[in-house]
Amino acid sequence: MARKKSAKTEDKTAKTAEETEQTVSKEEYDKLKSEFDTQKEQFLRMAAEYDNFRKRTEKEKLATFDNAVATTVESFLPVVDNFALAVQSSGDANDEFKKGLEMIQKQLDNAFKQLNVEEFGERGEEFDPLLHNAISRVDDDELEEDYIASVYQKGYRIGDKIIRHAMVQVAN
């Protein structure tokens with residue numbers, strides 16, 4: 001019987017200790033939950049900041065590349081313009097010579113295409129002051145008002161960045 005009493009006492013003591021632990025655990029649980037929520041919020045904020053940083057850095061890297069290409073292409077544009085004039089004025093030249101010039105012109109065009117450089121400013125396009133530099137106006141019955149009548153110098157852009165504005169004559 002002494003054993004039974006002793007076991008009952010141990011059970012009561014264990015229950016009391018367990019109840020005390022549960023009470024302390026509940027308080028600790030609330031405290032730990034609060035800390036966890038705070039840490040989780042900080043982690044999510046840091047993850048979002050990192051993602052924004054990564055995206056911003058990627059945009060800046062692409063912009064830097066586009067700026068470098070634009071600067072390089074800008075230095076070649078006078079050569080490209082003169083070569084285009086040579087191709088246009090090669091009307092009386094030997095066929096093989098003209099074919100060679102045209103092949104080089106295609107290579108230049110392909111190089112610009114690979115660099116994502118687009119040319120603009122063709123006769124018949126609508127005049128856009130953001131893209132075109134109007135150097136004169138002319139009466140042209142074939143075109144509506146504010147359309148390009150002739151192009152003195154083609155314009156070039158890479159994406160949204162204008163490398164050179166097109167110099168054009170605009171119809172009245």
Side-chain angles (χ1 to χ4, degrees), residues 33-172:
K33 174 113 174 75
S34 172
E35 287 178 24
F36 173 77
D37 290 342
T38 304
Q39 292 293 326
K40 181 179 176 183
E41 184 178 327
Q42 287 177 348
F43 172 76
L44 291 174
R45 286 179 188 267
M46 190 180 339
E49 285 178 20
Y50 174 73
D51 192 45
N52 291 338
F53 169 77
R54 185 183 53 78
K55 289 176 184 176
R56 187 175 60 249
T57 304
E58 185 67 28
K59 281 183 185 178
E60 288 173 0
K61 189 165 75 170
L62 288 174
T64 301
F65 177 76
D66 287 350
N67 288 336
V69 169
T71 302
T72 305
V73 167
E74 189 174 19
S75 66
F76 282 102
L77 288 181
V79 175
V80 171
D81 291 339
N82 289 333
F83 195 81
L85 289 173
V87 169
Q88 286 176 355
S89 65
S90 67
D92 296 338
N94 146 355
D95 286 340
E96 290 180 16
F97 181 73
K98 285 185 352 185
K99 186 176 179 182
L101 289 177
E102 289 171 359
M103 288 172 66
I104 294 170
Q105 182 70 45
K106 283 183 183 179
Q107 286 178 330
L108 285 170
D109 292 343
N110 286 337
F112 280 177
K113 189 175 184 178
Q114 287 177 348
L115 295 171
N116 296 323
V117 175
E118 301 171 17
E119 66 178 37
F120 59 90
E122 296 286 332
R123 177 179 164 78
E125 282 183 16
E126 187 174 4
F127 175 73
D128 182 354
L130 299 175
L131 301 175
H132 308 106
N133 184 11
I135 57 174
S136 66
R137 288 197 164 267
V138 66
D139 291 327
D140 192 330
D141 296 333
E142 296 176 16
L143 296 170
E144 296 179 30
E145 186 177 346
D146 288 337
Y147 278 81
I148 297 172
S150 63
V151 179
Y152 295 111
Q153 198 174 49
K154 288 193 180 247
Y156 292 90
R157 68 177 163 211
I158 182 168
D160 292 336
K161 181 177 178 54
I162 303 296
I163 298 171
R164 180 177 76 185
H165 292 83
M167 275 201 266
V168 299
Q169 187 176 46
V170 182
N172 280 334

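Along the sequence shown, the residues carry numbers beginning at 1. Note that these values count all heavy atoms, side chains included, but never hydrogens, waters or copies made by symmetry. Worth saying up front: this structure is predicted, and the values here are computed from it rather than measured.
Separation of atoms CZ (Arg56) and CD (Glu49) is listed at 9.5 Å; rounding is to 0.5 Å. To the nearest 0.5 Å, atom CD of residue Glu96 and atom CG of residue Leu101 are 12.0 Å apart. To the nearest 0.5 angstrom, Asp109 atom CG is 11.5 Å from Glu102 atom CD. Note: Gln107 CD to Phe83 CZ = 9.0 Å, rounded to the nearest 0.5 Å.
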Checking salt bridge (Lys or Arg N to Asp or Glu O under 4.0 Å) for the pair Asp37/Lys33: CA distance, chi angles, key distance, verdict? CA-CA 6 Å; Asp37 290 342; Lys33 174 113 174 75; 3.5 Å; yes
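For Glu122 and Lys154, the salt-bridge test passes: some basic side-chain N is under 4.0 Å from an acidic carboxylate O. The existence of a salt bridge linking Arg54 and Asp51 is confirmed by a sub-4.0 Å separation between a basic side-chain nitrogen and an acidic carboxylate oxygen. Salt bridge Asp66/Lys59: absent, no basic N to carboxylate O contact under 4.0 Å.
Checked against salt bridge (charged side-chain N to carboxylate O under 4.0 Å, His left out), Glu41 has the following partners two or more places apart in sequence or in another chain: Arg45.
More than 12 heavy atoms of other residues, nucleotides or ligands sit less than 6.0 Å from atom CZ of Phe112. Atom CD of Glu142 sits in a sparse spot, with 12 or fewer heavy atoms from other residues, nucleotides or ligands closer than 6.0 Å.
Annotation for Asp140 and Ala171: closest pair CB-CB, 4.1 Å, computed over non-hydrogen atoms.
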